[in-house]
Amino acid sequence: EDGACKPDDKIDAEHGHWNPEPGVRISDTHPYGILTFRQALEKSSNISFAKISDKLDKRRFYKYLRDFGIGNFTGIDLPGEVKGVLHTPNQWQANSKRYMAFGYELTATPIQMATAYGTIANMGLMMKPYIVAKREGPNGTETTLPQEIRRVVSEQTCRTLISIMEGVVDSGTATLAQIKGVRIAGKTGTAQQLVDGHWSKEHYTSSFTGFFPAEKPEYLISVILRSPHNGYYGGTVSGPIFREIAMNILEMTGK
């Protein structure tokens with residue numbers, strides 16, 4: 001959106017480990033070398049996105065997080081919604097922006113994540129999420145109408161990003177979410193959990209959020225697993241569940 005990076009721009013992923021300064025280490029699950037932006041997203045390179053974050057002013061970076069709904073209520077019609085954690089730039093440490101670029105130092109709810117992905121699927125327009133579409137009562141029928149919240153990014157940016165997110169499913173970290181004949185766009189997530197003040201090597205939150213058909217999205221599914229067994233990478237454990245749900249939807253709708 002800001003022109004800081006193009007899909008084919010090259011980034012050095014440092015063969016799996018990067019020390020931007022003494023005492024700070026950012027790692028990838030695989031030792032990648034030179035990656036394009038497209039490949040970095042398809043392969044979930046933490047190092048690449050940490051480096052990309054250096055190209056954005058911290059207030060601009062914070063604005064995008066806020067505009068996509070992180071750290072704020074969605075206003076969904078359910079009780080007890082929390083807004084998650086998003087510190088303001090004046091509270092950040094020296095490497096906060098780098099960590100936030102691949103999902104650490106902030107928290108988001110599943111509905112926030114679904115709403116953010118839905119914004120991309122909706123060509124940059126964020127819509128207010130809701131559960132109940134229609135209520136029948138003694139005073140007649142009450143219908144919930146779609147409500148536009150804001151434009152977050154341009155339609156062109158979304159088209160570019162959706163193309164790359166299709167690559168995540170076609171040849172990246174979410175190949176297990178593939179459905180023959182259906183174009184799916186999405187992104188995996190694998191995050192260590194904070195246990196007793198330390199990042200756990202045993203407990204992970206694993207996710208895959210995707211939407212389809214990518215050329216004209218109708219359905220969005222977000223699968224988030226806490227401490228999964230038999231693997232913990234988002235594409236490995238959440239991708240197949242996404243696929244099963246999507247297959248059921250396609251069967252029910254006859255598409």
Side-chain angles (χ1 to χ4, degrees), residues 1-71 84-108 112-113 116-117 120 152-153 157 160-161 164-165 167-168 172-174 187-209 232-235:
E1 183 74 5
D2 281 21
C5 219
K6 296 182 177 65
D8 295 323
D9 282 357
K10 291 181 171 57
I11 306 148
D12 185 356
E14 305 284 349
H15 298 284
H17 299 288
W18 182 44
N19 300 91
E21 55 187 75
V24 176
R25 185 180 177 91
I26 295 174
S27 300
D28 283 338
T29 55
H30 300 286
Y32 300 120
I34 303 297
L35 296 173
T36 63
F37 177 90
R38 180 182 294 274
Q39 292 171 327
L41 192 140
E42 290 176 352
K43 299 178 184 299
S44 287
S45 170
N46 297 337
I47 293 169
S48 296
F49 278 88
K51 286 187 171 187
I52 292 165
S53 75
D54 287 345
K55 298 184 178 185
L56 279 178
D57 170 78
K58 66 180 182 179
R59 296 197 177 277
R60 191 73 175 153
F61 185 88
Y62 175 76
K63 179 184 184 297
Y64 280 125
L65 288 170
R66 289 284 294 183
D67 283 355
F68 271 108
I70 307 300
V85 175
L86 176 63
H87 299 299
T88 54
N90 65 328
Q91 298 173 298
W92 295 358
Q93 304 297 317
N95 286 280
S96 291
K97 183 151 59 80
R98 289 170 174 156
Y99 289 127
M100 293 165 81
F102 57 93
Y104 286 81
E105 279 202 36
L106 51 79
T107 65
Q112 284 175 335
M113 294 300 294
Y117 278 77
I120 297 298
V152 180
V153 288
T157 292
T160 302
L161 187 54
I164 300 172
M165 291 167 70
V168 172
T173 54
K187 183 70 186 73
T188 57
T190 307
Q192 291 172 274
Q193 292 178 20
L194 198 61
V195 178
D196 297 326
H198 300 282
W199 295 112
S200 174
K201 297 291 187 182
E202 299 174 356
H203 297 281
Y204 292 82
T205 298
S206 308
S207 66
F208 177 72
T209 300
Y232 59 83
Y233 292 123

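Note that the structure is predicted; figures quoted are calculated from it, not measured. Below, each value reflects all heavy atoms present in this structure, side chains not excepted, and no hydrogens, waters or symmetry copies.
Proximity of a side-chain donor or acceptor of D57 to a complementary backbone N or O of R60 within less than 3.5 Å is detected. Under a 3.5 Å cut-off, the side chain of D28 and the backbone N or O of I47 do form a donor-acceptor pair. Here the side chain of S206 pairs a donor or acceptor atom with the backbone of Y232 at under 3.5 angstrom. The backbone N or O of V24 lies less than 3.5 Å from a partner atom in the side chain of N19, making a donor-acceptor pair. Of the possible polar contacts, none joining the Q192 side chain to the Y204 backbone as a donor-acceptor pair under 3.5 Å is found. Of the possible donor and acceptor atoms, none in the side chain of R25 sits under 3.5 Å from a partner among the backbone N and O of H17.
Using a 30° and 60° split on the angle between ring planes, W92 and Y62 fall in the perpendicular class, above 60°.
Taking CD of Q112 as the reference point, atom CG of L65 lies at 11.0 Å (rounded to 0.5 Å). Here the straight-line distance linking atom CG of L41 with atom CG of L35 works out to 11.0 Å at 0.5 Å rounding. Residue K43 holds its NZ atom at 11.0 Å from OG of S48, rounded to the nearest 0.5 Å. Summarising the geometry, atom OH belonging to Y32 is positioned 15.0 Å from atom CD belonging to E14; distances are rounded to the nearest 0.5 Å. The distance from the NZ atom of K51 to the OG atom of S45 is 9.0 Å, given to the nearest 0.5 Å. Rounding to the nearest 0.5 Å gives a distance of 7.5 Å between CG of N90 and NZ of K58.
For the pair D9 and I52, the minimum side-chain heavy-atom distance is 4.5 Å or more. Contact of the L106 side chain with the V85 side chain is not registered, since no non-hydrogen atoms from C-beta on lie closer than 4.5 Å. By the 4.5 Å heavy-atom criterion applied to side chains, R98 and P20 are counted as neighbours.
Within a 6.0 Å radius of CD in Q93, no more than 12 heavy atoms belonging to other residues, nucleotides or ligands are found.
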Pair Y104-N46, side-chain contact (heavy atoms from CB on, under 4.5 Å): steps then yes or no: CA-CA 10 Å; Y104 286 81; N46 297 337; 5.6 Å; no
So L86 and M100, side-chain contact (heavy atoms from CB on, under 4.5 Å) or not? Walk me through it. CA-CA 9 Å; L86 176 63; M100 293 165 81; 3.4 Å; yes
Show the numbers, then the answer: is there a side-chain contact (heavy atoms from CB on, under 4.5 Å) between T190 and S44? CA-CA 9 Å; T190 307; S44 287; over 6 Å; no
Stepwise, does the side-chain contact (heavy atoms from CB on, under 4.5 Å) test hold for N95 with E21? CA-CA 9 Å; N95 286 280; E21 55 187 75; 3.3 Å; yes
For D8 and T36, what are the C-alpha separation, side-chain angles and deciding distance, and is it a side-chain hydrogen bond (donor to acceptor under 3.5 Å, both in side chains)? CA-CA 5 Å; D8 295 323; T36 63; 5.0 Å; no
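Here the shortest heavy-atom pairing between C5 and F37 reads SG-CD1, 3.8 Å. Considering all non-hydrogen atoms of both residues, F68 and A116 come closest at O-CB, 3.7 Å. Taking each heavy atom of A108 and M113 in turn, the nearest pair found is CB-SD, 3.9 Å. Shortest non-hydrogen contact noted between K97 and L56 is NZ-O, 2.8 Å. The shortest heavy-atom contact between E42 and I164 is CG-O, 3.9 Å. Listed here is the closest heavy atom pair of K55 and A4: CD-O, 3.3 Å.
Using modelled atom types and a 3.5 Å distance limit, the side chains of D2 and Y64 yield a donor-acceptor pair.
For Y99 and F49, the ring centers are positioned 6.0 Å apart or more.
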